[in-house]
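Here the structure is laid out as structure tokens; the discussion comes afterwards.
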Amino acid sequence: MPELPEVETVARRLAQVLPGRTIKSVKVLRNKSFQGKPVWLSGKKIENVSRRAKMIRLHITGKRDMLIHLKMTGQLIFMNGEKKIGGGHPTGDWTNDLPSKHTRVIVEFTDKSTLFFNDMRVFGWLKLVDDAQLAVEYGKYGPDVNIEEVTVEYFKKVFANRKMPIKLALMNNSVLSGVGNIYANEALFIARVHPARPANSLTSKEWKNVFQATKKVIDDGIKAGGTTFDGKFVDVSGLAGKYQEKLKVYGRAGKSCPRCGTIIQKMKIGGRGTQYCPHCQK
Ligand SMILES: [Zn+2]
């Protein structure tokens, strides 16, 4: 599942190519994937692309914008001639001809370029939203982890009284948006805090370390264009990311800790695979 850095990467790439283009038509191939009236978009221009939580927003002229959630397996691929740009879940659709059997929505522009929404598992969605509906969607999530307003004081305020494992606390999107499984594992390794520690047991110094490490892994993830795991697609330019090369514990159980050489262990916390160094993380 794409996390914040992957979704931010897709939004930034689309922001390079979509603004200024006029929608000719929107073809919905799977009704479950699209909420709203596609015909409303005909003749409208895309003004901007942004991200909030793990949603991508296409700012469109007029009263409604398009909000997109990739969920588990969604992809957004913009095609102009042979050139592809975008991203999301890596599959053969990154390299195969489009549309494919996973294409759920096709946005055609007046200049013959096209935006494909592909989604193997069909959990993702595109939604036309007015300002009130947008506020409802955005209101479901806490502030994005990578904004300035999120400080170490904010971390302490929302997490420090909780008994749950620190890793689960960080991943609670209703109070802090954007820390998923990969980046929570990496942040706690950098902060030297054991992922199962009750949140209310952390010291002030540990909160500072966890806060700084969380910001760092998210920033580094965005700089690297997110994480792409499928080996077949890691070099597909315009669609893949490079953060997988920087992972220190995630996906590395059984290998040695890059800091001390101890074997990385694996456990389940809240049902999610959790990797940590039993020596470095207390
Ligand atoms: Zn270690």
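This is a predicted model, so every value here is computed, not measured. Just so you know, these numbers use all the heavy atoms, side chains as well, and skip hydrogens, waters and symmetry mates.
L128 CG to L134 CG: the interatomic distance, rounded to the nearest 0.5 Å, is 12.0 Å. Atoms CZ and CG, from R104 and L126 in turn, are 12.5 Å apart once rounded to the nearest 0.5 Å. To the nearest 0.5 Å, atoms CG (L98) and CZ (F78) are separated by 12.5 Å. One finds the NZ atom of K101 at 9.0 Å from the CG atom of D93 (value rounded to the nearest 0.5 Å). Between I77 atom CD1 and T103 atom OG1 the span is 8.0 Å, to the nearest 0.5 Å. Going from atom CG of L58 over to atom CG of L76 covers 7.5 Å, rounded to the nearest 0.5 Å.
Under the 3.5 Å distance criterion, the side-chain polar atoms of T73 are matched with a main-chain donor or acceptor of R121. Between the Q281 side chain and the L188 main chain, a donor and an acceptor come within less than 3.5 Å of each other. Checking side-chain atoms of Q265 against main-chain N and O of Y276 turns up no donor-acceptor pair under 3.5 Å. Remark: the backbone N or O of G226 is not paired with any side-chain donor or acceptor of T228 at under 3.5 angstrom. A distance-only check finds no donor-acceptor pair linking the side chain of R12 to the backbone of Q16 [under 3.5 Å]. N173 places a side-chain N or O within donor-acceptor distance of the main-chain N or O of G178, the cut-off being under 3.5 Å. Of the possible donor and acceptor atoms, one in the side chain of K282 sits under 3.5 Å from a partner among the backbone N and O of H279. Side chain of E3 to backbone of G180: a donor-acceptor contact under 3.5 angstrom is found. No donor-acceptor pair under 3.5 Å is formed between the side chain of E6 and the backbone N or O of G88. Side-chain atoms of K84 come within 3.5 Å of backbone N or O of W94 as a donor-acceptor pair.
Within 6.0 Å of the NZ atom in K208, the count of heavy atoms belonging to other residues, nucleotides or ligands does not exceed 12.
Residues L247 and F229 are in side-chain contact: their nearest non-hydrogen atoms beyond the backbone lie under 4.5 Å apart. Residues Y138 and R57 are in side-chain contact: their nearest non-hydrogen atoms beyond the backbone lie under 4.5 Å apart. Looking only at side-chain heavy atoms (C-beta outward), V249 and E186 come within less than 4.5 Å of each other. Using a 4.5 Å cut-off on side-chain heavy atoms (C-beta onward), I222 and L4 make contact. At least one side-chain heavy atom of F116 sits less than 4.5 Å from a side-chain heavy atom of M79. Side-chain atoms of K223 and D220, non-hydrogen and from C-beta on, do get closer than 4.5 Å to each other. With contacts defined as side-chain heavy-atom distances shorter than 4.5 Å, the pair K63/D130 does not qualify. The shortest distance between side-chain heavy atoms of N161 and N200 does not fall below 4.5 Å.
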Mind running side-chain contact (heavy atoms from CB on, under 4.5 Å) on N80 and V17 for me, showing each step along the way?
CA-CA 9 Å; N80 194 4; V17 292; over 6 Å; no
Full working for side chain to side chain donor-acceptor pair (under 3.5 Å) between S177 and K54
CA-CA 8 Å; S177 182; K54 290 203 286 181; over 6 Å; no
side-chain contact (heavy atoms from CB on, under 4.5 Å) for T114 and F109? Distances and angles first, verdict last.
CA-CA 6 Å; T114 313; F109 297 100; 5.6 Å; no
Go through the steps to decide whether T95 and F233 satisfy the test side-chain contact (heavy atoms from CB on, under 4.5 Å), and finish with yes or no.
CA-CA 8 Å; T95 47; F233 305 115; 3.8 Å; yes
Please step through side-chain contact (heavy atoms from CB on, under 4.5 Å) for the pair L202 and R197, ending with a clear verdict.
CA-CA 8 Å; L202 270 65; R197 278 268 300 282; 3.9 Å; yes
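Hydrophobic clustering (side-chain heavy atoms under 4.5 Å, transitive across Ile, Leu, Val, Met, Phe, Trp, Tyr) groups M66 together with I23. With hydrophobic clusters built from ILVMFWY side chains whose heavy atoms lie under 4.5 angstrom apart, V49 shares a cluster with L41. Under the 4.5 Å side-chain heavy-atom criterion for Ile, Leu, Val, Met, Phe, Trp and Tyr, V122 and I68 are members of distinct hydrophobic clusters. Linking Ile, Leu, Val, Met, Phe, Trp and Tyr residues whenever their side-chain heavy atoms come within less than 4.5 Å places I60 and V28 in a single cluster. There is no path of hydrophobic side-chain contacts, each under 4.5 Å, that joins V10 to I218.
Under a 4.0 Å N-O distance rule, the pair E153/K157 does not qualify as a salt bridge. Remark: D65 does not engage K127 in a salt bridge, criterion side-chain N to carboxylate O under 4.0 Å. Ion pairing between a basic and an acidic side chain is recognised when a charged N comes within 4.0 Å of a carboxylate O; D111 and R21 show such pairing.
For the side chain to side chain donor-acceptor pair (under 3.5 Å) condition, the pairs that include at least one residue of residues 27-49, sequence neighbours left out, are K27-E108.
Remark: the N185 side chain and the K248 side chain contain no N/O donor-acceptor pair separated by less than 3.5 Å.
Aromatic ring centroids of Y243 and Y183 lie under 6.0 Å apart.
Annotation: ring pair (Phe, Tyr, Trp, His ring centres under 6.0 Å) contacts of F155 (sequence neighbours excluded): F159, F211. Residues forming a side chain to side chain contact (heavy atoms under 4.5 Å, CB included) with S174 (at least two apart in sequence, or on another chain): N172.
Residue R51 comes nearest to A11 through the heavy atom pair CB-CB, 4.1 Å, listed as atom of the first residue, atom of the second, then distance. For the pair S256 and G261, the tightest heavy-atom approach, listed with the atom from each and the gap, is CB-O, 3.4 Å. Across every non-hydrogen atom of P278 and T262, the tightest pair is CG-CG2, 3.9 Å. Shortest non-hydrogen contact noted between R13 and I85 is CB-CG1, 3.7 Å. Considering all non-hydrogen atoms of both residues, D119 and G74 come closest at OD1-N, 3.5 Å. C280 and R192 make their closest contact through O-CB, 3.4 Å (heavy atoms, listed as atom of the first residue, atom of the second, distance).
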